[in-house]
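The structure under discussion appears below in the form of structure tokens.
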Amino acid sequence: MPQDDKYYMMLSLEKALFVAETMATKNNWQLKTLSAACSIPKGTLQRILRTFEDLGYVRQVERGGAYALTLKFYKLGKQIVSQSNMTALLQPILQKLREKVDETVNLSVLSGIEMVVVHQNTSGHALQMDSIVGTSFPAYLSASGKVFLAFLTEDELRNFIKELRRTNIDINSDKINLIYKEIESTREKGIGLDFEELFKGIRCIAAPVFDDSGKIIATISCSVPTVRLDRVLAHKLLTEIPLAAAEASKVFEAPTHAFNFNLDEVTELLVAP
């Protein structure tokens, strides 16, 4: 790294990451040994370890005893690897869906309280909704986000709502109740809908992708300009998107999920003014 760029480095973060990298070289560490290995004073090291412990990345083997990394770092790395592999594995399915519906197809994942587009196949229409890969948007407003929230564990959903309220002063109890109501409907139907809540003039349909443990790992969605969304297209999207998501889930050997929604009823809902 050029010397000038050092100005932007956070030394406390650099130290914390160095501690984590050092700890990964063996199973557990006594405070004194780790302090010597990292050349960090015990007081500073204890604050770093306490922070890691509070965040779930480090555990103390016994009170006053050695420290060890938890599997949270492993899970984080596994997520990164799975997302990198996921786009390559699912590209044929995403491309096939794009060819069937000729609308923009998105593969998205949850990051914090936002959804992030990790892959996209854009439509061939001049008027289209396209986002740069890496673009993020509020989960609770988007079709993809509603789907992801619907299949989180209770603890994960509770933490999401807590963080949403902490970072958004507009989220009151009434809005939280509406979010939960929509989550229940989405969980039953297996599809999420966005009625121009995220972008004016754009409606979206999304469905979940699961892994072999039944955990949701991504969503497949289509973003469509409202002016082009007639009954024929809506019917096709509501049919093909869940099929593509189910096919994607099979790639990861996910257990079968049974969902239920009235195709004609949701079609009318989707095209309503």
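Quantities reported herein were computed from a predicted structural model and do not represent experimental measurements. Heavy-atom basis, side chains included; hydrogens, waters and symmetry copies ignored.
- Judged by distance alone, the side chains of D211 and S213 do bring a donor and an acceptor atom under 3.5 Å apart.
- You'll find the side chain of F137 reaches within 4.5 Å of the side chain of S108, heavy atoms only.
- Side chain of E156 to main chain of T153: a donor-acceptor pair is present (N/O by atom type, distance under 3.5 Å, no hydrogens or angles).
- Using a 4.5 Å cut-off on side-chain heavy atoms (C-beta onward), V19 and V58 make no contact.
- You'll find the side chain of N106 stays beyond 4.5 Å of the side chain of M115, heavy atoms only.
- Residues T22 and T25 come closest through the heavy atom pair O-OG1, 2.6 Å.
- Under a hydrophobic-cluster definition in which Ile, Leu, Val, Met, Phe, Trp and Tyr are linked whenever side-chain heavy atoms come within less than 4.5 Å, directly or via other members, F18 and Y57 are assigned to different clusters.
- Interatomic distance, I179 CD1 to T186 OG1, rounded to the nearest 0.5 Å: 11.5 Å.
- F195 and L229 fall within a single hydrophobic cluster, where Ile, Leu, Val, Met, Phe, Trp and Tyr side chains are chained together by heavy-atom contacts under 4.5 Å.
- Clustering ILVMFWY residues whenever any of their side-chain heavy atoms sit less than 4.5 angstrom apart, transitively, puts I169 in a cluster other than the one holding L164.
- For the pair L34 and L49, the minimum side-chain heavy-atom distance is below 4.5 Å.
- Between F252 and M86, the closest side-chain pair of non-hydrogen atoms falls below 4.5 Å.
- Within a 6.0 Å radius of CG in L13, more than 12 heavy atoms belonging to other residues, nucleotides or ligands are found.
- Residues C222 and L97 have side chains in contact (heavy-atom distance under 4.5 Å, counting atoms from C-beta outward).
- Counting heavy-atom neighbours within 6.0 Å of K72 NZ, excluding the residue itself, gives a total above 12.
- Residue D54 places its CG atom among more than 12 non-hydrogen atoms of other residues, nucleotides or ligands, all under 6.0 Å distant.
- Under the 4.5 Å side-chain criterion, counting only non-hydrogen atoms from C-beta, V224 is not in contact with I202.
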Q: Any chance you could lay out the side-chain contact (heavy atoms from CB on, under 4.5 Å) test for V266 and L193, step after step, and finish with the verdict?
A: CA-CA 9 Å; V266 179; L193 305 175; 3.9 Å; yes
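- Contact of the L90 side chain with the H119 side chain is not registered, since no non-hydrogen atoms from C-beta on lie closer than 4.5 Å.
- A salt bridge is absent between E53 and R59; no separation between the charged side-chain nitrogens and carboxylate oxygens falls under 4.0 Å.
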Pairs under 3.5 angstrom only: tabulate donor-acceptor contacts from the side chains of residues 236-250 to other protein residues two or more places apart or in another chain.
residue: T239; atom: OG1; partner: H235; partner atom: O; Å: 2.8
residue: E240; atom: OE1; partner: K100; partner atom: NZ; Å: 3.4
residue: E247; atom: OE1; partner: K96; partner atom: NZ; Å: 3.2
residue: E247; atom: OE2; partner: K96; partner atom: NZ; Å: 3.2
residue: S249; atom: OG; partner: F210; partner atom: N; Å: 3.0
residue: S249; atom: OG; partner: A245; partner atom: O; Å: 3.0

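- The residues R187 and E184 are annotated as not salt-bridged, no charged nitrogen and carboxylate oxygen being separated by less than 4.0 angstrom.
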Q) Taking it one step at a time, do N121 and Q91 satisfy side-chain contact (heavy atoms from CB on, under 4.5 Å)? A) CA-CA 9 Å; N121 293 64; Q91 169 57 14; 3.5 Å; yes
Q: Before giving the answer on side-chain contact (heavy atoms from CB on, under 4.5 Å), spell out for L149 and I161 the whole-Å C-alpha distance, their side-chain angles and the decisive distance to 0.1 Å.
A: CA-CA 10 Å; L149 297 182; I161 295 296; 5.9 Å; no
(Q) Would L263 and F261 count as a side-chain contact (heavy atoms from CB on, under 4.5 Å) here? Give the steps. (A) CA-CA 6 Å; L263 183 58; F261 68 90; 4.0 Å; yes
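- Taking hydrophobic clusters as Ile, Leu, Val, Met, Phe, Trp and Tyr residues chained together by side-chain heavy-atom distances below 4.5 Å, L110 shares a cluster with Y180.
- The two residues S111 and V116 make their nearest non-hydrogen contact at CB-CG2, 3.7 Å.
- K189 has no carboxylate O lying under 4.0 Å from a charged side-chain N of E265, or vice versa, which leaves the two without a salt bridge.
- Taking R231 as the reference, E268 meet the side chain to side chain donor-acceptor pair (under 3.5 Å) condition, with sequence neighbours excluded.
- Cluster membership check: L89 shares its hydrophobic cluster with I220, using side-chain heavy-atom separations under 4.5 Å among Ile, Leu, Val, Met, Phe, Trp and Tyr.
- Partners of E99 according to the salt bridge (charged side-chain N to carboxylate O under 4.0 Å, His left out) rule, which considers only residues two or more places apart in sequence or in another chain, do not exist here.
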